[in-house]
Amino acid sequence: MIALARAAHPDLRFDVGSMSALAAGDGELGGVLAYYSTHHLPPAELPVVYGEFHRTLAPGGRLLLVTRVGEEGRRRRTYGYGDGDPAPFDSYRLPADRIAGLLEQAGFAITAQTLQAPEEGARRPVAGFLARKPGVDTVP
């Protein structure tokens, strides 16, 4: 995916790394997009990751987080995305209000929150959070 992104947009920077140790300086980013990525982390790791998002955002910076939600629990999958190739992974669920609380504890102000009912054939709803790092807005 990164190779495709770099080929399509050679003027942009793309890094591979860990959400718990982003390759960005304090206040360096205007925005963070976490799209269906944090539900693969054990809930105990979320405060560190949300804190890292907050650290790297400039004052006024935005976070868009989209994740599956539901009753707290863990699911172990034995297949991957696409053609069913073996690619085991874990998926964790938390209630949307708990995720909102963790974002607020990390220092974010939630400006919008959505809850989408499961699509046909899916079992879990999806929540979206738009959050802002408080402070003097330095992000255009």
Do [X] and [Y] sit in one hydrophobic cluster, given that two such residues count as connected whenever their side-chain heavy atoms are within less than 4.5 Å of each other, even indirectly?
{"X": "M1", "Y": "V16", "result": "no"}
{"X": "L102", "Y": "V48", "result": "no"}
{"X": "V126", "Y": "L33", "result": "yes"}
{"X": "L22", "Y": "I2", "result": "no"}

Residue pairs passing the salt bridge (Lys or Arg N to Asp or Glu O under 4.0 Å) test with at least one member in residues 25-40, sequence neighbours excluded, are R13-E28, D26-R55
Sorted by first residue and then second, give each salt bridge (Lys or Arg N to Asp or Glu O under 4.0 Å) pair with at least one member in residues 29-44; sequence neighbours left out.
none
Sequence neighbours excluded, the answer for ring-ring contact (aromatic ring centres under 6.0 Å, His included) partners of F53 is none
Heavy-atom distance under 4.5 Å between the side chains of [X] and [Y], does that happen here?
{"X": "Y50", "Y": "Q105", "answer": "no"}
{"X": "R93", "Y": "H39", "answer": "yes"}
{"X": "L94", "Y": "L46", "answer": "yes"}

Once rounded to the nearest 0.5 Å, what's the spacing between atom [atom1] of [X] and atom [atom2] of [Y]?
{"X": "R68", "Y": "S91", "atom1": "CZ", "atom2": "OG", "answer": "7.0 Å"}
{"X": "L130", "Y": "R62", "atom1": "CG", "atom2": "CZ", "answer": "7.5 Å"}
{"X": "T114", "Y": "F129", "atom1": "OG1", "atom2": "CZ", "answer": "8.0 Å"}
{"X": "L65", "Y": "L103", "atom1": "CG", "atom2": "CG", "answer": "6.0 Å"}
{"X": "L63", "Y": "K133", "atom1": "CG", "atom2": "NZ", "answer": "12.0 Å"}
{"X": "L4", "Y": "R6", "atom1": "CG", "atom2": "CZ", "answer": "11.0 Å"}

Exercise: identify the closest heavy-atom pair between [X] and [Y]:
{"X": "Q113", "Y": "A100", "result": "OE1-CB, 3.9 Å"}
{"X": "A44", "Y": "P47", "result": "O-CD, 3.5 Å"}
{"X": "A106", "Y": "G51", "result": "CB-N, 4.0 Å"}
{"X": "P42", "Y": "Y92", "result": "N-CE1, 3.6 Å"}
{"X": "R98", "Y": "P43", "result": "NH2-CB, 4.4 Å"}
{"X": "A127", "Y": "L115", "result": "CB-CD1, 4.2 Å"}

When the ring planes of F108 and H54 are compared, do they come out parallel, tilted or perpendicular, using 30° and 60° as the limits?
perpendicular
